[in-house]
Amino acid sequence: MAPLLRTLFFVALSILSLLACFTNAQLSTNFYDKTCPNLQTIVKNAMQQAINGEARLGASILRLFFHDCFVNGCDASILLDDTTTFVGEKNALPNRNSVRGYEVIDTIKTNVEAACNGTVSCADILALAARDGVVLVGGPSWAVALGRRDARTASESAANNEIPSPFLDLPTLVSMFAAKGLSARDLTVLSGGHTIGQAQCQFFRSRIYNETNIDPNFAASRRAICPASAGDTNLSPLESLTPNRFDNSYYSELAAKRGLLNSDQVLFNDPLVTTYSTNNAAFFTDFADAMVKMSNISPLTGTSGEIRRNCRVLN
């Protein structure tokens with residue numbers, strides 16, 4: 001009987017240990033309530049100051065977060081500078097001279113460290129900043145679950161292979177989102193983030209000169225910004241009706257064949273495009289839900305990774 005009791009005891013202990021590990025691995029909206037109670041105010045104030053200086057930064061931080069989450073999860077790996085042991089993601093093709101907002105995250109991290117030294121991860125700061133950036137330019141809010149830890153490495157090759165390109169067709173986009181646990185619906189919803197921000201000429205030149213599923217007047221207006229063989233870094237708003245305000249105008253533009261990027265216009269036949277073009281509330285609700293889903297892609301938790309003191313370098 002004693003051996004049986006011992007066996008049952010160790011089985012019960014193992015189950016409790018597994019449950020503890022599972023619980024520790026979960027993100028929580030109150031993760032820092034005791035250790036850094038003013039965290040969300042610190043992040044929001046810094047984002048407000050940044051956007052007051054340049055409205056585009058709301059879109060920039062949102063894109064920074066998206067590109068981070070699509071490479072090995074939402075772990076702030078995109079923020080790491082290259083080292084002697086790895087080539088990071090900053091100079092990968094989707095990010096080089098394009099992704100921006102690193103200095104904003106640096107500022108927030110400095111402010112957070114001053115209040116709560118060695119406590120809050122860069123990954124959580126980026127998740128909060130992305131949410132606040134959307135809210136501050138008129139978009140929806142959502143509860144950000146916290147408790148992510150920071151990656152101790154980064155991968156240029158993964159960034160080159162896993163971040164969706166603006167030149168992709170719809171089946172490939174759907175497949176790349178599915179690889180991250182995101183649905184075709186999530187693809188259409190999250191693409192609505194392109195209601196704010198700008199794109200470089202090199203990313204939409206082929207669309208405005210070669211594609212037929214485009215409003216001719218719109219194509220002509222973009223050609224004035226983007227010459228056929230020069231001006232690669234010239235900028236155009238991703239959505240021209242309300243480029244600095246987060247709303248459903250992106251979908252109205254798609255319906256009118258005025259999507260700037262190929263990866264935008266290929267969504268044209270999704271019934272959600274029609275729905276969102278006339279129902280801003282539905283878009284806001286679904287966008288918030290999709291952002292929560294994306295922000296939960298493969299976070300590091302528990303004792304994995306680290307809490308960086310400087311978002312650009314390992315401790």
Side-chain angles (χ1 to χ4, degrees), residues 50-68 70 78-79 88-105 130 133-134 136-139 156 159-160 163-170 172-173 176 190-268:
I51 288 173
N52 285 347
E54 184 185 4
R56 182 187 171 196
L57 281 169
S60 298
I61 298 299
L62 179 61
R63 183 168 182 248
L64 184 61
F65 185 51
F66 177 89
H67 282 213
D68 180 49
F70 260 68
I78 195 172
L79 304 178
E89 299 162 26
K90 287 184 175 179
N91 288 308
L93 292 176
N95 299 332
R96 185 187 310 154
N97 300 320
S98 174
V99 168
R100 56 201 300 274
Y102 298 111
E103 295 80 7
V104 176
I105 302 302
V134 169
L136 289 166
V137 293
E156 180 184 46
N160 282 329
I163 296 173
S165 159
F167 308 109
L168 295 178
D169 59 22
L170 183 58
T172 305
L173 288 168
M176 293 187 76
L190 291 171
S191 295
H194 286 174
T195 189
I196 53 175
Q198 301 185 54
Q200 295 181 3
C201 166
Q202 61 182 316
F203 298 123
F204 61 86
R205 178 184 286 117
S206 62
R207 170 154 168 74
I208 62 174
Y209 284 97
N210 301 321
E211 295 186 15
T212 57
N213 187 27
I214 188 169
D215 175 79
N217 293 328
F218 175 71
S221 69
R222 297 309 94 178
R223 289 171 188 157
I225 297 171
C226 181
S229 59
D232 280 0
T233 59
N234 292 357
L235 295 172
S236 171
L238 285 159
E239 176 262 287
S240 300
L241 293 177
T242 55
N244 292 319
R245 181 169 182 80
F246 197 100
D247 58 23
N248 63 337
S249 295
Y250 167 83
Y251 298 100
S252 302
E253 293 287 79
L254 294 189
K257 299 184 179 182
R258 293 167 60 91
L260 185 66
L261 304 178
N262 176 75
S263 58
D264 291 326
Q265 196 59 50
V266 295
L267 304 173
F268 173 75

Say whether, by atom type as modelled, one donor and one acceptor occur between the side chain of [X] and the main chain of [Y] under 3.5 angstrom.
| X | Y | value |
| --- | --- | --- |
| D215 | K257 | no |
| R223 | I208 | yes |
| Q202 | R205 | no |
| Q265 | L254 | yes |
| R207 | N213 | yes |
| N262 | L168 | yes |
| R63 | G101 | no |

Separation of [Y] [atom2] from [X] [atom1] (nearest 0.5 Å):
| X | Y | atom1 | atom2 | answer |
| --- | --- | --- | --- | --- |
| L64 | K90 | CG | NZ | 9.0 Å |
| S60 | Q198 | OG | CD | 8.5 Å |
| R258 | S221 | CZ | OG | 6.0 Å |
| F66 | I61 | CZ | CD1 | 15.5 Å |
| S98 | H67 | OG | NE2 | 7.0 Å |

In the structure I gave you, are the side-chain heavy atoms of [X] and [Y] within less than 4.5 Å of one another anywhere?
| X | Y | result |
| --- | --- | --- |
| L57 | V104 | yes |
| L238 | F204 | no |
| I163 | L93 | no |
| E253 | H194 | no |
| L260 | P166 | no |
| R222 | S240 | yes |

Just by distance, no angles: are the side chains of S191 and D264 close enough, under 3.5 Å, to form a donor-acceptor pair? no
Take L267 and Y251 through the test side-chain contact (heavy atoms from CB on, under 4.5 Å) and record every step on the way to the result. CA-CA 9 Å; L267 304 173; Y251 298 100; 5.8 Å; no
Give me the atom names and distance for the closest heavy-atom approach of [X] to [Y].
| X | Y | answer |
| --- | --- | --- |
| T195 | S249 | OG1-N, 4.2 Å |
| P94 | V99 | O-CG2, 4.1 Å |
| I214 | A219 | CD1-CB, 3.9 Å |
| L173 | S165 | CD2-O, 4.2 Å |
| Y209 | C226 | OH-O, 2.7 Å |
| C201 | G231 | CB-O, 3.1 Å |

May I ask you to check whether over 12 heavy atoms, not counting those of R245, lie within 6.0 Å of atom CZ? no
Applying side-chain contact (heavy atoms from CB on, under 4.5 Å) to V134 and F65, what does each step give before you reach the verdict? CA-CA 12 Å; V134 169; F65 185 51; over 6 Å; no
Before you tell me yes or no, could you show the steps for D247 and E239 under side-chain contact (heavy atoms from CB on, under 4.5 Å), namely the whole-Å CA-CA distance, both residues' side-chain angles and the distance that decides it to 0.1 Å? CA-CA 10 Å; D247 58 23; E239 176 262 287; 3.8 Å; yes
Might you work through the side-chain contact (heavy atoms from CB on, under 4.5 Å) test for Q200 and L235, ending with a clear yes or no? CA-CA 5 Å; Q200 295 181 3; L235 295 172; 3.8 Å; yes
Under 30°, 30 to 60°, or over 60°: which ring-plane class applies to F203 and F167, parallel, tilted or perpendicular? tilted
